[in-house]
*Asks:* 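Structure in structure tokens, see below.
One-based numbering along the sequence shown. What's counted below: heavy atoms across the whole structure, side chains too, no hydrogens, waters or symmetry copies.
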Amino acid sequence: MLASYNKFIVALSMAVLEWIRVTYNIDLGLDESTMTALVGAITSILVFAIPNKSRQ
């Protein structure tokens with residue numbers, strides 16, 4: 001059952017990681033707009049790459 005929500009879990013976990021980064025001011029050496037674009041791109045790539053398993 002949980003495997004059918006793989007894409008949602010990936011997107012949610014990336015959103016939580018971004019929230020933690022912003023909340024605790026974790027500096028990765030990039031400005032805010034570049035970091036936001038990078039996290040968005042990584043999230044999109046991971047959601048595309050990880051397939052949902054069909055319900056059977």
Side-chain angles (χ1 to χ4, degrees):
M1 172 78 178
L2 192 59
S4 63
Y5 297 105
N6 285 347
K7 291 182 182 286
F8 171 73
I9 293 168
V10 169
L12 182 64
S13 63
M14 289 298 291
V16 168
L17 287 175
E18 177 65 7
W19 177 79
I20 290 170
R21 186 189 69 78
V22 170
T23 301
Y24 295 106
N25 292 325
I26 298 172
D27 184 20
L28 300 175
L30 299 171
D31 63 349
E32 192 64 31
S33 61
T34 303
M35 195 62 209
T36 301
L38 184 62
V39 169
I42 291 171
T43 302
S44 299
I45 290 168
L46 287 175
V47 167
F48 175 76
I50 296 176
N52 280 336
K53 303 224 181 201
S54 63
R55 296 181 194 187
Q56 293 180 357

*Asks:* Are Leu38 and Val22 connected, step by step, through hydrophobic side chains (Ile, Leu, Val, Met, Phe, Trp, Tyr) whose heavy atoms are closer than 4.5 Å?
*Replies:* no
*Asks:* Has the side chain of Thr23 got a donor or acceptor atom that lies under 3.5 Å from a matching backbone atom of Trp19?
*Replies:* yes
*Asks:* To the nearest 0.5 angstrom, please state how far the CD1 atom of Ile26 sits from the CE atom of Met35.
*Replies:* 9.5 Å
*Asks:* Can you see which heavy atom on Thr43 is nearest to which on Ala11, and at what distance?
*Replies:* CG2-CA, 4.2 Å
*Asks:* How close do Ser13 and Val10 get, heavy atom to heavy atom, and via which atoms?
*Replies:* OG-O, 2.9 Å
*Asks:* Where the side chain of Asn6 meets the backbone of Ile50, is there a donor-acceptor pair that is under 3.5 Å apart?
*Replies:* no
*Asks:* Ile45 and Leu12: same hydrophobic cluster, using ILVMFWY side-chain contacts below 4.5 Å?
*Replies:* no
*Asks:* Measure across Glu18 and Thr36 and return the closest heavy-atom pair with its distance rounded to 0.1 Å.
*Replies:* OE2-OG1, 4.2 Å
*Asks:* Do Phe48 and Val39 sit in one hydrophobic cluster, given that two such residues count as connected whenever their side-chain heavy atoms are within less than 4.5 Å of each other, even indirectly?
*Replies:* no
*Asks:* Could you grab the distance from atom CG of Leu28 to atom CZ of Arg21, nearest 0.5 Å is fine?
*Replies:* 6.5 Å
